[in-house]
Amino acid sequence: MNLLSNGALLRTGDGRAVKVMSLLGAGGQGEVYRAELDGQVYALKWYHHPATEWQRRWSSSQREALEGYLLRLAPPDPRFVWPQAVVDEPERRTYGYLMELLPPALQGLERLVLGRMSPPPGLRTLARGAVGMAECFRRLHNAGACYKDINLGGPLLDPRTGAVRICDVDNVRVNRTPGDVMFIYFAAPELIRGEVSCQTSTDLHSLAVLLFYMFVRHHPLDGARELQVNVFNEAAQRRFYGVEPVFIYDPDDDSNRPVQGFHDPALRNWSLYPDFVQRAFIRAFCEGLYRPERRVREGEWMEVFARLEDVAFPCAHCGAELAVERLPAQGTAPCPRCQGRAPLPWRLAFADRFVFLNHDTRLFPHHLGRRLDFDHPVAELSRHPDHPDRWGLRNTSERTWAFQALDGAWRELPPGRTVPLRDGLALRLGDTEAVVRAPG
Amino acid sequence: MSPRVHALSVPGALHLARGQPCQDAAGAWSGPGWAVLVVADGHGAALHPRSAEGSALAVAVARELLCALAQELCADPAEARVVEARLAAHLPRRLCWSWNVAVRRHTRRPEHGAWAEDLTAFGTTLIGVVLTEALALAVQIGDGGVLLLDGDRPVRPLPEDPELGGGRTWSLALPEAWRNARLRCAPRQPGLWLACTDGVSPTAEDPDLERLGLALRGELGRQGWEGTVAGLPGLLAEWSRRGNGDDASLALCWEEPA
């Protein structure tokens, strides 16, 4: 039976009427309803009735955090689905809060891990989503807060665009606020051992677990040792995630490798990623397990996954996306799905890296020297309106760029204009130079 | 908590008419402060000629893992949401892995838990319910249902699976079958707990299970535990005749009102 009936009338703290419309979903902390306030539709998170002393204490501190902290703090990034008002029922058995009602295109990451996200996001979309998530947490941490309980249920992804939103913001607290975490398997080892309170560095471990789940679809510490216990109890959890954590792909310790039949997603997916992605995860789950200061920072994840998006492209034979760290000499790369040789696309070569020019490639200030700036694209691939086989690079920035014409002279490329792609086309994109290269 | 538990499987009306054996299996166990209910429905179609063995193995595997879990939860109680978060990723995977191993052991082949085509012959669903003083945990792969009768109020502890229905079901014999598991843990409500295969309740939204629950609740009031249990084979056979004709399995746990 639902906690609230459709049509029930509730009140915000300042006395405005909130009408419950329908149940949207349920989770560990309570239920989420569609609700109406002042003619606008919101999502209403409604907590379970506290039944035990522990739950009553939790409920009370949760309300204090909502009213005393979260509702007074501006969202550090608009992608956080921030609480907007506390809501009460006449009986005062429990309470809830209003937040933005999100479009159904956004889907939870549990669906991704279970292979049920529809449509299944491609590698580049996932990478874009990962950059967005890392950026949200970077801004949250820069505001002196921590999310505390990062898990698969918080972030939502649009599998068509890679757009992200972060829900369940009611767990956000000031750094080092004491309190329990619910998703122990996301928690930093020192948190499980009871040595510290939640803070940015513990969030960084949880963020790494979240990203590993997104790309490998498995927990980074769940390997062969899981089969040593019959019941996955608190002691096993403490040992595997807190006291003796071992990364399943630790290059120096093979005691916890994934087991065929038990950890198939890890076995299937880990090898798909270029070395620079694997190196980041190895640092996060080897050094980073024991030395919080060595954890991969949000900005580093943004660099890693922005680069992953840059070097990924669809296989011309089967459509699966693959990524390469270095350019193969023969102009093709082995496709892990169809096992064929996937021809490389054209690329934009910078001094120290390259970006494949896929049909939807966009460049950001990040690519032009303003590290980690992904707010507004400055260039995009565009197709000639009358000749769909001809492609160009459109300047979507507010600055005038330059390109080298066939006669060798430099010509201006003002905002909104497109230069046709050709092998060897040299570009001056502000202070950055790049050359368009054909495959091979 | 001093629960009374019972489990039974009866051949379905269609199976009897065709001379097929019962391919379901069920079990119920209890100890101080805990109870475990398990039912499994062997698929029975031509693709699954050994599904009766598959369902029996599923019940045996679930018994070992869930009884150990129940005792663990009694010895080391935790909040329901903590238990759910802890077990959601592990328990379904472990049940599937252990069933794969058990099938191989049963067929005297090298034991490992990796999926292979030959498991298909043993295809079965699985439902398990763990009850302690404080918690109720239910895990389900495939069709069938779990029901709590809290007084006369029927409660479905597991969410519906929109992909089931019309005879479609998930199976332990599918690759990575754990992906299709539903698992919930909540504070335990006292009352009559039922787990059943689709011979009783084909889908979660099917009202049959609720009608059966209410009927049993009435029987318990009139005849007490012993009398109700004695009448279950006939009741289930009748239920199968009136329903889809499939084998019917039921595991139940009942706590006499204080």
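Per-residue counts of heavy-atom pairs under 4.5 Å with chain B were compared for A:Gly153, A:Ala26, A:Ala236, A:Pro265; the largest is that of A:Pro265. With respect to chain B, the highest number of heavy-atom pairs below 4.5 Å among A:Asn151, A:Val231, A:Leu227, A:Ile184 belongs to A:Leu227.
The backbone N or O of B:Ala102 lies less than 3.5 Å from no partner atom in the side chain of B:His106, so there is not a single donor-acceptor pair. Side-chain N or O atoms of A:Trp54 include none that pairs as donor or acceptor with a backbone N or O of A:Pro50 at under 3.5 Å.
Only the side chain of A:Tyr185 has a heavy atom closer than 4.5 Å to any heavy atom of chain B. Interface remark: A:Asp222 contributes side-chain atoms only to the contact with chain B (heavy atom separation under 4.5 Å). The contact between A:Val113 and chain B is made entirely by backbone atoms, counting heavy-atom distances below 4.5 Å. Contacts of A:Phe186 with chain B are absent, with no heavy-atom separation under 4.5 Å from either backbone or side chain. For B:Glu84, no part lies under 4.5 angstrom from a heavy atom of chain A. Interface residue A:Glu234: backbone and side-chain heavy atoms are both found under 4.5 Å from chain B. Heavy atoms closer than 4.5 Å to chain A are found in both the backbone and the side chain of B:Asn180. With a threshold of 4.5 angstrom between heavy atoms, A:His219 does not approach chain B through any atom at all. Heavy-atom distances place both the backbone and the side chain of A:Leu114 under 4.5 Å from chain B.
Once rounded to the nearest 0.5 Å, the distance linking CE of A:Met133 with CG of A:Leu207 reads 9.5 Å.
Among residues two or more places apart in sequence or in another chain, the side-chain hydrogen bond (donor to acceptor under 3.5 Å, both in side chains) test is passed with A:Arg63 by A:Glu67, A:Asp88. Not counting sequence neighbours, A:Arg337 has no partner by the side-chain hydrogen bond (donor to acceptor under 3.5 Å, both in side chains) test. B:Ala80 meets the side chain to side chain contact (heavy atoms under 4.5 Å, CB included) test with B:Leu135, B:Cys185, B:Pro187; sequence neighbours excluded.
Between A:Tyr47 and A:Trp58, the ring center distance clears the sub-6.0 Å criterion.
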Just do the ring-ring contact (aromatic ring centres under 6.0 Å, His included) check on A:Trp270 and A:Phe247 with the steps written out, would you? CA-CA 12 Å; A:Trp270 172 251; A:Phe247 180 40; 5.7 Å; yes
Derivation of the side-chain contact (heavy atoms from CB on, under 4.5 Å) call for A:Arg239 and A:Arg225: CA-CA 10 Å; A:Arg239 183 179 150 218; A:Arg225 298 191 310 174; 4.2 Å; yes
Could you give me the CA-CA distance, side-chain angles and deciding distance for A:Asp168 and A:Lys45, then say whether salt bridge (Lys or Arg N to Asp or Glu O under 4.0 Å) is met? CA-CA 9 Å; A:Asp168 288 348; A:Lys45 178 163 178 179; 3.7 Å; yes
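Residues from residues 65-78 of chain B that place a non-hydrogen atom less than 4.5 Å from a non-hydrogen atom of chain A comprise B:Leu65, B:Ala68, B:Leu69, B:Glu72, B:Asp76, given in numerical order.
Checking A:Phe212, A:Tyr249, A:Phe215 one by one against A:Phe281, the ring-ring contact (aromatic ring centres under 6.0 Å, His included) holds for a single residue, A:Phe212.
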